[in-house]
Amino acid sequence: MTTPPPPWALLSELTHACPLHCGYCSNPLELTRRSQELSASRWADVFRQAAGLGVLHTHLSGGEPLLRRDLADITRSAVDAGLYTQLVTSGDGLSAQRLDALVGAGLHSVQLSVQHADPGRSDEIAGRRSFDAKRAAARLVKGRGLPLGINVVLHRHNLDAVDDLVELAVDWRADRIELANAQFYGWGLLNRSALMPSREQLQEATETVERRRKSLADVLDITWVVPDYFSGTPKPCMGGWGAVSLTVTPDGTVLPCPAAAALPGLDPPNVADRSLRWIWEESAAFNAYRGTAWMPPPCRTCERRTEDFGGCRCQAHALTGDAARTDPACSLSPDHAALVALTGTDGSPQLVPRRPTPPHRPAPAGHERH
Amino acid sequence: MSDVLPWRPRVPAAAVLRHDRARGTDVLLLPERVVVLHGSGRAVLDLCDGSRTVDEIAGLLPAGADTTRVRHEVSSFLHRLRAEGCLR
Ligand code: SF4
Ligand code: SF4
């Protein structure tokens, strides 16, 4: 086996705890308990190993990373390892004092999530009064001269606000806005039919984004990807399985992608047992869908196979029960019709807010065959 | 505006320029972005502190025989980075 090229980025999930209750949350249904979380010194070791492997960026994420009282220490160790750090936060709990401690630790940038441009609707989707805290957080971040990105997960309940969300980003002096259409993993999968936008909503939002991109070219960087379940073109999974980045979860489990925790039989390694280098280069989990050798037809002979790598393994698993099938988002997939049928969901069931433990176990949504 | 006063490129304060040992190259790091620097890319960016025009930067590089070509390459490199939001 040849050694795979080094990873570029590390997603550091410092905790699964979060004061918000977003119904689209892509964290796994089984959340890691706080007592299982890696200590700051374990994280320091993870960052050193990651940097040694070739990682350049890390997202300090969660859950809500601000719930870690030792976040400044964790940040400092990532900076000391040479990593470019970005705090990924809901803004809840970002006081001036805490931000100063993080800036003092060398934090490079902040990404702030917003649920809607309308304060009331944003609080409603987040399941908690949080909009005012977000606005205050944005002001603080810009006041310290840090780059600010706004991140919005889009779905049926906020897709019509794309124009206002772009306006909000300009207003809050953000440098970037990432408009990310909801993916259906973890809690988000449970809420799939409540989140699914209509084709018309998406069409309109696409046009809005194109218009705004032109008019704001020098002001705001706008990221927008048409969701693959509508485009018929699968997205390359994380730039390829085990190709670009790795995720370390709160208890030290290492995954090729944050959603991969749901894949049965993956048996992901843990930093407590193995070096990050071994995990990246040699573990079965990181080699399972690396490259093109594992591919089924029609991917195996498709000319796009080195561009999209057969699409998303987690989506293939969620929708067909088999992670090694062609992503049903692909119009060439034998399962594509089933996926198209899902996009036609009419009724709009209630969003089930995310809670620490699921209220009940619905017939495991990840295993049903469509 | 840039049409009136000549542009004096500046690497934004939030960016980090550093060597990448694993890949044996220099890189420019920004939120969500890595620019891998080839050839004299690093030397050019080290000169982008907001005090020099593009021509002045090109003039400070070892040009060899072909100054026009160096000037042209430096200019297109810097403008490309600006268009991507990596330079001020
Ligand atoms: S496997 Fe799927 S969910 Fe995971 S990163 Fe890839 S595309 Fe995303
Ligand atoms: S068949 Fe496979 S490789 Fe070809 S476009 Fe579809 S997902 Fe991509």
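- Contacts with chain B were tallied for A:Gly82, A:Ala51, A:Gly149, A:Gly145; A:Gly82 has the most, counting heavy-atom pairs under 4.5 Å.
- In this view, A:Trp172 and A:Phe131 satisfy the ring-ring contact (aromatic ring centres under 6.0 Å, His included) rule, not counting sequence neighbours.
- Residue-level contacts of residues 71-81 of chain B with chain A do not occur; threshold 4.5 Å between heavy atoms.
- For A:Val55, the part lying under 4.5 angstrom from a heavy atom of chain B is the backbone only.
- With a 4.5 angstrom heavy-atom cutoff, B:Arg21 does not touch chain A via any of its atoms.
- Along residues 22-38 of chain B, the residues that come nearer than 4.5 angstrom to chain A, judged on non-hydrogen atoms, are B:Ala22, B:Arg23, B:Val27, B:Leu29, B:Leu30, B:Pro31, B:Glu32, B:Arg33, B:Val34, B:Val36 in order of number.
- Both the backbone and the side chain of A:Leu56 come within contact range of chain B, judged by heavy atoms closer than 4.5 Å.
- Other residues, nucleotides and ligands contribute only 12 or fewer heavy atoms inside 6.0 Å of the CZ atom of A:Arg139.
- The greatest number of non-hydrogen atom pairs below 4.5 Å with chain B, out of A:Gln111, A:Arg176, A:His59, A:His57, is found for A:His57.
- With a threshold of 4.5 angstrom between heavy atoms, B:Ala13 does not approach chain A through any atom at all.
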What side-chain donor-acceptor pairs closer than 3.5 Å can you find for residues 99-108 of chain A, not counting sequence neighbours?
{"from": "A:Asp100", "atom 1": "OD1", "to": "A:Arg144", "atom 2": "NE", "distance (Å)": "2.4"}
{"from": "A:Asp100", "atom 1": "OD1", "to": "A:Arg144", "atom 2": "NH2", "distance (Å)": "3.0"}
{"from": "A:Asp100", "atom 1": "OD2", "to": "A:Arg144", "atom 2": "NH2", "distance (Å)": "3.4"}
{"from": "A:His108", "atom 1": "ND1", "to": "A:Thr85", "atom 2": "N", "distance (Å)": "2.9"}
{"from": "A:His108", "atom 1": "ND1", "to": "A:Thr85", "atom 2": "OG1", "distance (Å)": "2.9"}

